**Student:** 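Below are the structure tokens for one structure; questions will follow.
This is a predicted model, so every value here is computed, not measured. All chains are named by letter (A, B, ...) in the order of the sequence lines, taking the proteins before the strands, and each is independently numbered beginning at 1.
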Amino acid sequence: MIPAFCDWLSSTAVSMVIQNVYWIIPTVQTVHILAIATVMASIVMLDFRLLGVSAHGQTIPDVAHRFLPWVWTAVAVLFTSGSLLIIAEPGRDLLNTVFYLKMSLLACVLVITFGFQVLVRRDGEFWEHRRAIARITAVVSLSLWVGIVICGRWIAYAAHG
Amino acid sequence: MHLNDLLTAIEASPIATAVRENTWLFPTIESIHVLSIALVVGTIMIVDFRLINVVGRRRPVSELMRETLPWTWGAFVAAVITGSLLFSSSAMKYAHNWQFEAKMLMLLLAGLNMAIFHLGSYRSVALWDRNAMTPTGARIAGGVSLLIWVTVVSLGRWIGFATN
């Protein structure tokens with residue numbers, strides 16, 4: 001069923017345009033990488049503050065307030081640019097185990113990030129009083145994001161075509 | 001020694017051969033390269049957006065740079081090491097690829113832009129550190145830096161398409 005869907009999607013007019021205009025895919029990928037840069041730098045700033053390593057002058061709610069909007073904006077850009085890449089070459093992603101691994105890791109980290117945000121908004125002191133949980137959250141979040149970027153690069157090598 | 005002889009020698013080295021021939025080595029090094037670039041460009045953008053007065057206007061510029069620069073430089077070193085390894089695997093091909101050449105030129109310009117900023121506007125940072133509005137020199141440096149790094153990422157992505 002999925003292969004049939006891929007065949008149909010890659011034969012649509014919009015997919016054909018993206019495939020045939022030579023500069024669209026590299027340009028969309030460039031936007032995708034710039035959004036990854038935005039997420040990774042914001043997450044490093046936030047998670048290393050949670051770990052208690054950096055930005056001691058600022059409270060956790062300060063750092064969260066400053067960087068989380070960038071994370072969500074960049075995730076929206078990643079979703080849009082990623083969708084265009086799927087439309088262009090559906091089989092490259094939808095028939096690829098690494099792609100599903102990437103999406104699973106992404107789902108986990110988005111839930112964690114959203115949960116973190118809800119808790120920090122409800123009680124600014126929440127994470128300051130729970131150092132151990134804060135550290136674990138930071139390590140898990142960082143590992144998931146690093147895993148997502150690595151999977152993203154490996155999709156190209158694991159693709160069946 | 002002619003440049004092409006040097007490139008051939010680089011390609012023939014055991015490390016270059018391993019990167020070229022081993023199935024998982026190239027994608028692994030590439031993944032680390034992408035992660036490094038994300039951190040380099042992301043942390044630079046944080047500073048640049050402050051310099052052009054778009055975000056983080058309440059933060060002192062020097063404090064922001066103290067927080068981000070160790071990441072920028074650490075990741076830059078990782079990007080140079082992994083980039084050199086990737087380059088060595090097909091040195092001849094990359095060296096004669098215009099996107100690669102343009103990317104190196106852009107990195108040089110990025111360094112130049114940074115040097116001008118540090119020797120210029122940044123020397124008087126104590127005077128405008130906490131100002132929401134940064135001086136003209138700092139705004140130009142931030143804007144130029146953003147343009148250069150977007151171009152670097154774009155050219156880097158194009159290298160893969162042009163050399164395949």
**Student:** Please look at Y22(A) and chain B and tell me whether the side chain, the backbone, both or neither of the residue comes under 4.5 angstrom of a heavy atom of that chain.
**Tutor:** both
**Student:** Side chain, backbone, both or neither: which part of L155(B) has a heavy atom under 4.5 Å from chain A?
**Tutor:** neither
**Student:** On the ring face of F126(A), is R130(A) found with NZ or CZ under 6.0 Å from the centre and within 45° of the axis?
**Tutor:** yes
**Student:** Between chain A and each of I37(B), V34(B), I46(B), count heavy-atom pairs under 4.5 Å; write down the option with the most.
**Tutor:** I46(B)
**Student:** For S145(B) and N113(B), does a side-chain donor sit closer than 3.5 Å to a side-chain acceptor?
**Tutor:** no
**Student:** Of the backbone (N, CA, C, O) and the side chain (C-beta and beyond), which part of V40(B) lies under 4.5 Å from a heavy atom of chain A, both, or neither?
**Tutor:** neither
**Student:** Heavy-atom count around R131(A) CZ within 6.0 Å, excluding the residue itself: above 12?
**Tutor:** yes
**Student:** Show me, pair by pair, the donor-acceptor contacts under 3.5 angstrom made by side chains of residues 66-74 of chain A, not counting sequence neighbours?
**Tutor:**
unit_1	atom_1	unit_2	atom_2	d
W72(A)	NE1	Q117(A)	OE1	2.7
T73(A)	OG1	P69(A)	O	2.7

**Student:** For chain B, which of V39(A), T27(A), I33(A) has the most heavy-atom pairs under 4.5 Å?
**Tutor:** I33(A)
**Student:** Please report the shortest heavy-atom distance between W128(B) and Y122(B), naming the atom on each side.
**Tutor:** CZ2-CA, 4.1 Å
**Student:** What pair of heavy atoms forms the shortest contact from P90(A) to C6(A), and how long is it?
**Tutor:** CG-O, 3.6 Å
**Student:** Can you spot which of L85(A), I18(A), L84(A) makes a side chain to side chain contact (heavy atoms under 4.5 Å, CB included) with I24(A)?
**Tutor:** I18(A)
**Student:** Report which part of V146(A) has an atom under 4.5 Å of a heavy atom belonging to chain B: side chain, backbone, both, or neither.
**Tutor:** both
**Student:** Does any backbone or side-chain atom of T68(B) lie under 4.5 Å from a heavy atom of chain A? Answer side chain, backbone, both or neither.
**Tutor:** both
**Student:** Tell me, yes or no, whether the heavy-atom count around Y100(A) atom OH, taken from other residues, nucleotides or ligands under 6.0 Å, exceeds 12.
**Tutor:** yes
**Student:** Locate the shortest heavy-atom distance separating A134(A) from W127(A); write the atom from each residue and the value.
**Tutor:** CA-CE3, 3.7 Å
**Student:** Only heavy atoms, only distances under 4.5 angstrom. Which residues in residues 10-27 of chain B are near chain A?
**Tutor:** W24(B), F26(B), P27(B)
